[in-house]
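Working notes for the structure below.
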Amino acid sequence: MSTINSNAPITPVIEKKAREDRFQFHDYYQVDDLLDDDHRMARAAIRDWVKQEVSPIIEAYSERGECPTHLYKGLAEIGAFGPSIPVEYGGGGMDEIAYGIIMQELERGDSGIRSMASVQGSLVMYPIYRFGSEEQRRKYLPKLGSGEFIGCFGLTEPDHGSDPSGMVTNIREDGDSYILNGAKMWITNSPLADIAVVWAKDEEGIIRGVIVEKGMPGFSAPEIHGKLSLRASITGELVFEDVRVPKANILPGVHGLKGPLSCLSKARYGIAWGAIGAALDCYDSALRYSQERIQFGRPLAGFQLTQKKLAEMITEITKAQLLAWRLGTLANKGLATPAQISMAKRNNVAMALDVAREARQIHGGMGITNEYPIMRHMMNLETVLTYEGTHDIHLLITGMDITGENAFK
Ligand code: TGC
Ligand code: FAD
């Protein structure tokens with residue numbers, strides 16, 4: 001007969017408060033215990049802010065296809081821009097787990113709100129911090145951290161999405177400037193942005209990063225209309241027609257595709273956490289609805305098929321929480337690999353989309369209305385599944401990592 005060789009017995013009774021927390025916050029495996037006080041404080045502050053500032057307005061903005069630009073200042077005040085960038089450069093000076101938790105709480109509100117913060121912090125502040133000159137850091141980062149400047153990140157082109165190495169946007173030297181030509185597509189924040197971090201090939205075909213400022217002659221950023229997903233986030237193009245960019249605006253610290261890809265690693269990490277927030281909001285709504293809605297004389301929650309949906313939802317959310325937490329501990333030690341980040345981004349976003357679809361079913365007809373957040377999250381998550389590397393691209397990254405074979409080309 002086998003025995004459990006442990007001093008800590010497996011107990012069917014857990015302390016009442018812990019049980020309440022687990023169920024109120026859907027923290028089924030007490031992941032909370034793995035966090036420290038700073039993480040918990042950051043989470044509480046962002047959660048309150050989202051409840052007060054985002055939840056009451058987000059359906060209306062999303063329905064109108066309008067970006068709630070007034071939230072940029074608030075996002076800055078709660079430390080959502082560059083949480084893990086040092087304070088002296090306008091960031092939050094926190095660790096990677098705090099960054100992840102902030103993204104989770106923002107995306108509980110809306111993926112588009114998380115996008116506003118992801119782009120500003122991970123795709124604009126981070127490359128300037130990591131690859132910029134000291135002068136560039138001092139000039140741009142405090143203004144980005146405080147929300148005085150809005151930034152965007154231009155990698156994708158009309159003909160080069162999953163394959164950014166094929167980009168045609170280019171710079172050529174001309175005296176003390178570069179002349180920039182080309183176009184970028186699907187750029188979050190671009191129509192509002194004061195600055196754009198743009199990736200372009202130099203005359204030798206090497207990918208370089210340049211900071212382009214609003215108002216530079218030949219630079220425009222028209223909005224893309226007709227999006228049925230991520231509607232509260234503004235998306236546009238970047239068009240460069242002989243834009244003269246001072247040489248002082250080139251990021252000196254990086255040459256090649258690994259520059260933009262390492263920014264993507266940072267942002268994808270945040271999405272791996274963020275998607276859990278969207279899933280939690282859908283699960284929370286479905287659980288409540290199933291307990292209140294009576295059919296055949298009993299709550300939906302009492303039917304086995306509803307329980308199967310809810311039980312599978314919380315199981316997948318819990319697995320995603322543990323994956324994100326472990327990734328965070330690796331990231332804190334500088335050990336998270338790009339392929340590990342890809343696995344977490346892919347898994348957690350797909351998980352959230354599945355949870356949203358199941359939650360929609362539990363809400364029946366009400367699930368298609370804007371009285372519940374489900375359809376908005378579901379539509380948003382279709383974008384999240386695609387941007388920052390598509391679901392299939394991340395699968396191929398894992399495939400390459402485990403086999404050593406490149407199946408992209
Ligand atoms: P490959 O030869 O594999 O790599 C080139 C160099 O980069 C290095 N590297 C990375 N470094 C850091 N982080 C990563 N994630 C990295 N991935 C690769 C690599 O080691 C190599 O270094 P070196 O020293 O040898 O030069 O490049 P490839 O051309 O074969 O492409 C690989 C592929 C397909 C995986 C990559 O291009 C890719 O990830 N494609 C997807 C594109 C993508 O994710 N685009 C996102 C655009 S931005 C966006 O969507 C923002 S949404 C914002 C929002 O609103 O939240
Ligand atoms: P494609 O690359 O054309 O892919 C189409 C399909 O083909 C996908 O299913 C893909 O998985 C598949 N595919 C491609 N190559 C392969 C292959 N080798 N093997 C198997 N299947 C393959 N980009 C930025 O630079 N900055 C931003 O701020 C930004 N924000 C965005 C905001 C929104 C709302 C959206 C929708 C996109 C945004 N993007 C941004 C662009 C986003 O990163 C790209 O859409 C994404 O990388 C995919 O590129 P694509 O749309 O050109 O699709």
Side-chain angles (χ1 to χ4, degrees), residues 12-35 40 43-44 46-48 50-52 54-56 58-59 62 101 103-111 113-114 273-325 347-381 384:
V13 182
I14 62 168
E15 191 233 320
K16 187 165 175 285
K17 165 88 175 60
R19 184 183 158 80
E20 279 167 10
D21 284 357
R22 277 174 65 213
F23 286 93
Q24 183 182 350
F25 299 117
H26 313 313
D27 180 18
Y28 201 76
Y29 259 55
Q30 294 170 258
V31 178
D32 210 48
D33 290 352
L34 303 171
L35 307 179
R40 283 189 276 265
R43 185 184 55 199
I46 309 291
R47 194 177 281 175
D48 286 350
V50 167
K51 256 191 206 155
Q52 280 166 30
V54 178
S55 304
I58 195 64
E59 288 300 343
S62 184
I101 285 171
M103 296 302 122
Q104 174 186 294
E105 293 309 317
L106 293 178
E107 197 147 355
R108 196 192 285 269
D110 190 81
S111 302
I113 305 299
R114 196 266 307 132
W273 282 86
I276 298 169
L280 283 166
D281 201 40
C282 293
Y283 171 75
D284 184 73
S285 185
L287 181 61
R288 285 168 199 269
Y289 190 85
S290 74
Q291 289 164 334
E292 288 161 9
R293 171 80 175 162
I294 308 292
Q295 288 294 288
F296 298 97
R298 63 189 302 197
L300 296 179
F303 298 117
Q304 287 186 355
L305 287 174
T306 310
Q307 289 190 5
K308 178 175 189 291
K309 288 184 176 64
L310 291 167
E312 287 178 350
M313 285 157 79
I314 193 63
T315 304
E316 293 308 314
I317 288 171
T318 302
K319 285 152 68 179
Q321 286 170 326
L322 291 166
L323 188 60
W325 176 81
N347 181 78
N348 290 9
V349 176
M351 174 284 294
L353 194 49
D354 287 345
V355 165
R357 287 174 180 151
E358 294 291 82
R360 214 291 300 150
Q361 285 203 65
I362 289 176
H363 288 76
M366 289 310 288
I368 69 153
T369 71
N370 62 4
E371 288 203 22
Y372 295 90
I374 314 298
M375 281 299 282
R376 178 171 50 79
H377 282 306
M378 197 195 300
M379 291 193 300
N380 284 343
L381 287 163
V384 184

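This chain uses plain numbering: 1 for the first residue, then up along the sequence. Not measured: the values here are computed from a predicted model.
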Apply the test side chain to side chain contact (heavy atoms under 4.5 Å, CB included) to residues Asn347 and Lys319: give CA-CA distance (whole Å), side-chain angles for both, the deciding distance (0.1 Å), then the verdict.
CA-CA 10 Å; Asn347 181 78; Lys319 285 152 68 179; 5.8 Å; no

Which value, rounded to the nearest 0.5 Å, describes the distance between [X] atom [atom1] and [Y] atom [atom2]?
X	Y	atom1	atom2	value
Ile58	Asp110	CD1	CG	4.0 Å
Ile314	Tyr28	CD1	OH	8.0 Å
Glu107	Ile276	CD	CD1	10.0 Å
Glu371	Tyr289	CD	OH	9.5 Å
His26	Ile317	NE2	CD1	7.5 Å
Met378	Asp354	CE	CG	10.5 Å

Please determine whether side-chain hydrogen bond (donor to acceptor under 3.5 Å, both in side chains) holds for the pair Glu358 and Gln361, giving the CA-CA distance in whole Å, both sets of side-chain angles, and the decisive distance to 0.1 Å.
CA-CA 5 Å; Glu358 294 291 82; Gln361 285 203 65; 3.2 Å; yes

Let's go through Ile374 and His363 carefully: what are the C-alpha distance in whole Å and the side-chain angles of both, what is the deciding distance for side chain to side chain contact (heavy atoms under 4.5 Å, CB included) to 0.1 Å, and is it a yes or a no?
CA-CA 9 Å; Ile374 314 298; His363 288 76; 3.7 Å; yes

Heavy-atom donor-acceptor pair, [X] side chain to [Y] backbone, under 3.5 Å:
X	Y	result
Ser285	Cys282	no
Gln307	Ala301	yes
Thr318	Tyr29	no
Thr315	Ala311	yes

Search all heavy atoms of [X] against all heavy atoms of [Y] and return the closest pair with its distance.
X	Y	result
Glu59	Pro373	OE2-CA, 3.4 Å
Arg376	Gly109	NH1-O, 2.9 Å
Ile294	Pro299	CD1-N, 3.8 Å
Ala279	Val355	O-CG1, 3.6 Å
Ala324	Asn348	CB-ND2, 4.2 Å
Gly367	Met375	O-CG, 3.2 Å

Intermediate values then yes/no, side chain to side chain contact (heavy atoms under 4.5 Å, CB included), Trp325 and Leu35
CA-CA 9 Å; Trp325 176 81; Leu35 307 179; 4.1 Å; yes

Verify the neighbour count for atom CD1 of Ile368: are there more than 12 heavy atoms of other residues, nucleotides or ligands below 6.0 Å?
no

Is it true that, when you exclude Arg40 itself, more than 12 heavy atoms of the residues, nucleotides or ligands shown sit nearer than 6.0 Å to its CZ?
yes

Less than 4.5 Å apart, any side-chain heavy atom of Phe303 and any of Arg298?
yes

Given side chains that start at C-beta, do those of Leu310 and Leu287 come closer than 4.5 Å, heavy atoms only?
yes

Salt bridge or not for Arg108 and Asp284, using N-O below 4.0 Å?
no

Exactly one of Met313, Gln321, Glu105 should register a side-chain contact (heavy atoms from CB on, under 4.5 Å) with Leu280. Which one does?
Gln321

